[in-house]
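Below you'll find the structure, written out as structure tokens, and then a few comments.
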Amino acid sequence: MKITFAGDTDVGRVRDHNEDAFAIVPEENLVVVCDGMGGHAAGEVASGIAIETITSIVKQVPAERFNSREFRWPDDITNDGKVLVGAIATANHRVIDHGRLNPTRGGLGTTVVSCKFQEGVVSVCHVGDSRVYLVRDGAIKRLTVDHSWVSEVMEKHNISEAEAEAQVNKNVITRALGTKPAIRTDISQLRFRKDDLFILCSDGLCGMISDADILKASLESKNNPHELVRALIEQANNAGGVDNITVCVAYVQEQEEAENFDELRRLTVDWGEDPELGAIEALAEEHFPREDADVDSEEAEATQKLSVDENKKKRD
């Protein structure tokens with residue numbers, strides 16, 4: 001397996017600060033994008049906490065920890081998928097805990113979308129309206145379904161996205177980290193193969209340019225992920241840049257397709273019972289003691305910039 005990763009984030013043309021964050025961890029074949037929300041610097045704090053927590057859990061916590069009887073799992077989720085879902089649940093706990101300790105940062109929260117690649121299978125997990133796209137054989141496919149009022153109206157009334165947006169505020173999301181202890185995470189697990197291109201993004205990209213535009217740019221720059229990231233951010237800014245823009249790309253250069261694997265499409269792991277929430281709280285306290293939970297905005301900004309700086313070094 002050989003995967004080339006690239007990513008960047010941009011404040012856009014309208015906002016005065018960036019609440020997005022991302023991480024690329026090549027040794028874990030992991031990509032994560034978060035889009036924070038909340039006033040008084042709360043958004044960048046929430047996204048920074050989520051990035052730090054998810055990457056740390058994936059690096060440090062063995063899969064066996066999430067195979068215990070406290071957790072209810074749909075059938076056939078791989079160990080990598082379990083770790084990623086568990087990491088997101090732990091991040092949710094930490095964002096909530098930070099809000100309790102810092103009441104002036106009311107309403108903080110964040111979306112999350114992530115991919116982890118292993119042995120020909122990619123685990124795709126998300127909460128909120130950040131997205132993952134797959135470009136394969138000259139076509140683009142959205143692998144995530146937005147957790148938003150627009151998506152719910154579309155599904156309920158079987159209407160187009162444009163029609164749904166005319167009825168409800170397209171910016172209202174129905175799931176996010178940091179809003180309540182119970183956490184519902186969507187997971188898909190798919191076989192991937194050589195020449196697949198995965199694009200993870202905040203809605204600062206997909207809210208500004210169409211899927212067709214994303215596909216066109218991808219086909220033009222597929223073999224140069226860093227160039228593709230820059231091109232997509234530039235297009236979003238040229239279209240108005242009304243929100244922060246984050247784009248990460250994973251281009252599969254070498255890979256044998258996984259055999260004998262039944263793909264999982266959009267399963268929801270719904271954790272809200274005491275055993276599950278108690279186990280997640282214990283895990284958070286073990287790896288992120290309470291005194292470490294008070295992350296200020298400067299630390300969150302540093303976390304946000306870490307992946308940017310690392311990727312720029314690789315690019316240079």
Side-chain angles (χ1 to χ4, degrees), residues 5 7 21-36 45-73 77-99 108-118 121-128 130 132 175-178 181-189 200 248 250 269-272 275-295 299-300 302-304 306-307 310:
F5 299 99
F22 76 94
I24 294 173
V25 188
E27 63 272 23
E28 297 290 345
N29 298 307
L30 173 70
V31 187
V32 188
V33 170
C34 291
D35 180 355
V45 171
S47 60
I49 291 172
I51 290 290
E52 178 198 11
T53 305
I54 293 167
T55 55
S56 296
I57 293 294
V58 169
K59 289 178 182 178
Q60 299 173 16
V61 179
E64 291 75 18
R65 188 66 181 270
F66 297 103
N67 278 325
S68 62
R69 66 181 64 185
E70 288 93 345
F71 300 110
R72 293 170 298 152
W73 292 105
I77 293 178
T78 67
N79 284 337
D80 271 352
K82 291 178 180 179
V83 171
L84 196 50
V85 171
I88 289 172
T90 309
N92 181 61
H93 172 84
R94 289 203 67 220
V95 173
I96 290 173
D97 201 39
H98 181 88
L108 83 166
T110 183
T111 71
V112 60
V113 65
S114 56
C115 288
K116 192 173 190 310
F117 302 83
Q118 190 67 33
V121 175
V122 58
S123 300
V124 179
C125 295
H126 84 292
V127 179
S130 296
V132 179
R175 290 192 218 171
L177 303 190
I183 179 72
R184 302 180 70 225
T185 305
D186 281 1
I187 179 170
S188 297
Q189 294 195 285
L200 294 79
C248 290
V269 180
D270 192 350
W271 287 348
E276 298 151 350
L277 299 181
I280 289 298
E281 182 177 3
L283 188 68
E285 290 300 318
E286 177 183 343
H287 291 273
F288 307 98
R290 179 62 63 92
E291 59 266 25
D292 293 336
D294 191 9
V295 180
E299 290 180 72
T303 301
Q304 177 194 76
L306 178 62
S307 292
E310 288 179 348

Spatial distance of atom [atom1] ([X]) from atom [atom2] ([Y]) [nearest 0.5 Å]:
X      : Y      : atom1 : atom2 : value
Asn92  : Asp97  : CG    : CG    : 11.0 Å
Glu28  : Leu84  : CD    : CG    : 11.0 Å
Leu200 : Ser130 : CG    : OG    : 9.0 Å
Asp35  : Thr110 : CG    : OG1   : 6.0 Å
Ser123 : Lys82  : OG    : NZ    : 11.5 Å

Minimum heavy-atom separation for [X] to [Y], with atom names?
X      : Y      : value
Val121 : Gln189 : CG1-CB, 4.2 Å
Gly109 : Val95  : CA-CG1, 4.4 Å
Ala279 : Glu70  : CB-CB, 4.0 Å
Cys34  : Ala50  : SG-CB, 3.8 Å
Glu27  : Lys59  : OE2-CE, 3.9 Å
Arg65  : Val61  : CB-CG1, 3.6 Å

Within the distance-only criterion (no hydrogens, no angle test), does the side chain of [X] pair as donor or acceptor with the backbone N or O of [Y] below 3.5 angstrom?
X      : Y      : answer
Trp73  : Phe66  : yes
Thr111 : Ala176 : no
Glu285 : Glu281 : no
Trp271 : Arg72  : yes

### Query
Residues two or more places apart in sequence or in another chain: which of them pass side chain to side chain donor-acceptor pair (under 3.5 Å) with Gln118?
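Gln118: no side chain to side chain donor-acceptor pair (under 3.5 Å) contacts found.
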With a 4.5 Å limit on heavy-atom distance, are the side chains of [X] and [Y] in contact?
X      : Y     : value
Phe288 : Ile57 : yes
Ile77  : Val85 : no
Ile280 : Phe71 : yes

### Task
Go through Phe5 and Asn29 one step at a time and tell me if the side chain to side chain contact (heavy atoms under 4.5 Å, CB included) criterion holds.
CA-CA 9 Å; Phe5 299 99; Asn29 298 307; 4.1 Å; yes
### Query
In this structure, which one of Val32, Val31, Val33 forms a side chain to side chain contact (heavy atoms under 4.5 Å, CB included) with Val113?
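Exactly one candidate clears the test, Val33.
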### Message
Less than 3.5 Å apart, any donor N or O on the side chain of Thr53 or Thr90 sitting next to an acceptor on the other?
### Response
no
### Query
In chain order, what residues pass the side chain to side chain contact (heavy atoms under 4.5 Å, CB included) check against Val127, with sequence neighbours excluded?
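Residues passing side chain to side chain contact (heavy atoms under 4.5 Å, CB included) with Val127: Ile88, Val112, Arg175, Leu177, Ile183, Thr185.
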